[in-house]
Amino acid sequence: MAKIINGKQISEHIRNNISKNLKSLKEMGIIPGLAVIIVEGDPASRTYVDNKKKACESLGIYSEEYSLSPQVTQEELLDLIYMLNEKANINGILVQLPLPKHLNEKQIIKSINPLKDVDAFHIENVGRIILGDYYLSPCTPAGIMEMLKFENINVCGKNCVVLGRSNIVGIPMAMLLLHSNATVTICHTKTKSIKDICKNADIIISAVGKTKFVTADMVKKDAVVIDVGINRDDNGKLCGDVDFENVKNVASYITPVPGGVGPMTITMLMQNTINAVKLQYKTIFGEELKI
Ligand code: GUN
């Protein structure tokens with residue numbers, strides 16, 4: 001039976017460290033600020049944004065929410081970002097995705113000051129992640145790397161299979177694993193023989209968005225299974241991509257949904273907001289902020 005990786009507990013551990021950093025910053029008169037922009041209309045996005053705000057409140061990070069109508073124009077959204085790029089008490093800017101179809105998501109993300117891009121979605125930050133020269137981490141992949149580290153799971157030389165090739169999870173996840181010397185395979189909708197590829201994996205990370213996509217017969221004995229999916233089952237219950245009840249009997253480690261990757265993503269966003277403060281300080285004053 002697999003060990004269930006407790007994302008809440010690992011998250012708490014990291015948040016203790018974040019609290020210490022925030023205390024040091026406060027002593028210097030610095031309170032990190034995060035602006036969260038949401039274009040209303042997607043109930044899941046509303047829940048994620050509420051959780052991000054709650055995390056800021058509980059840690060003592062200043063936050064501002066910009067709740068925009070579903071009819072907001074590209075120009076209005078761009079103007080808001082330009083304003084926030086200049087706003088001194090705002091260190092991080094996050095635009096909750098997905099955006100409605102009439103908005104040009106690529107252009108919106110490109111308009112965020114890369115030094116304030118706490119999601120690490122800006123083309124400059126993505127390039128940095130690919131090169132392994134980054135200061136702002138993609139939150140979900142970074143959270144997963146922290147989970148693996150906490151459990152002493154070394155990815156070096158391991159066969160890692162990432163299911164899904166999204167810009168938010170799949171692609172940056174593959175990059176972080178590669179920088180830690182894993183052998184990485186990305187599977188997607190056009191991949192042939194996903195089952196065989198998974199069966200050979202030491203670590204499977206699923207970010208597909210389909211209930212029970214990863215079944216026990218796809219998992220090698222004692223593999224590590226990380227579930228990024230947030231889905232609803234037939235009864236409306238929150239669940240991941242993995243058939244948890246059966247896969248847990250084959251895997252050595254497994255993350256639950258809820259209580260696995262989710263809490264880590266938000267905690268890494270808080271960490272990135274502090275990292276953004278440090279980065280901006282260095283850019284302005286030319287020296288490291290020592291906290
Ligand atoms: N939508 C789903 N996940 C994320 C995320 O990590 N950041 C943003 N901005 N939008 C998302």
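Just so you know, ligand 1 is whichever comes first in the structure, and atom 1 is the first atom listed for that ligand. Since the structure is predicted, the reported quantities are computational estimates derived from the model, not experimental observations.
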Tell me which protein heavy atom sits closest to [atom], plus the residue, atom name and distance to 0.1 Å.
atom: atom 11 (C) of ligand 1; result: Gln96 NE2, 3.3 Å
atom: atom 7 (N) of ligand 1; result: Asp119 OD1, 3.1 Å
atom: atom 1 (N) of ligand 1; result: Leu97 O, 2.9 Å

query = Which bit of Phe121 gets closer than 4.0 Å to ligand 1, counting heavy atoms only: side chain, backbone, both or neither?
reply =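 Contact part for Phe121 vs ligand 1: side chain (C-beta onward).
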message = Within the 4.0 Å heavy-atom shell around Leu94, which atoms of ligand 1 are there?
response =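 That gives atoms 9 (N) of ligand 1.
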key: Proximal atoms of ligand 1 relative to Val95 (non-hydrogen, under 4.0 Å)   =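 Result: 8 (C), 9 (N).
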ask   = Does some side-chain heavy atom of Ile230 sit less than 4.5 Å from a side-chain heavy atom of Tyr48?
value =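 In contact.
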ask   = Considering only heavy atoms from C-beta outward, does the side chain of Lys190 approach that of Arg165 to under 4.5 Å?
value =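 In short, these two side chains touch, coming nearer than 4.5 Å.
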key: Heavy-atom closest pair, residues Leu84 and Lys116   =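 Closest pair (atom of Leu84, atom of Lys116, distance): O-NZ, 2.9 Å.
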ask   = With no hydrogens and no angle check, is any side-chain donor or acceptor of Thr255 less than 3.5 Å from a backbone partner on Asp227?
value =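 Confirmed, Thr255 side chain pairs with Asp227 backbone.
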request  = Look only at the side chain of His179 and the backbone of Asp133, and say whether a donor-acceptor pair between them is shorter than 3.5 Å.
outcome  =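 The answer is no, because no donor-acceptor pair under 3.5 Å joins these two groups.
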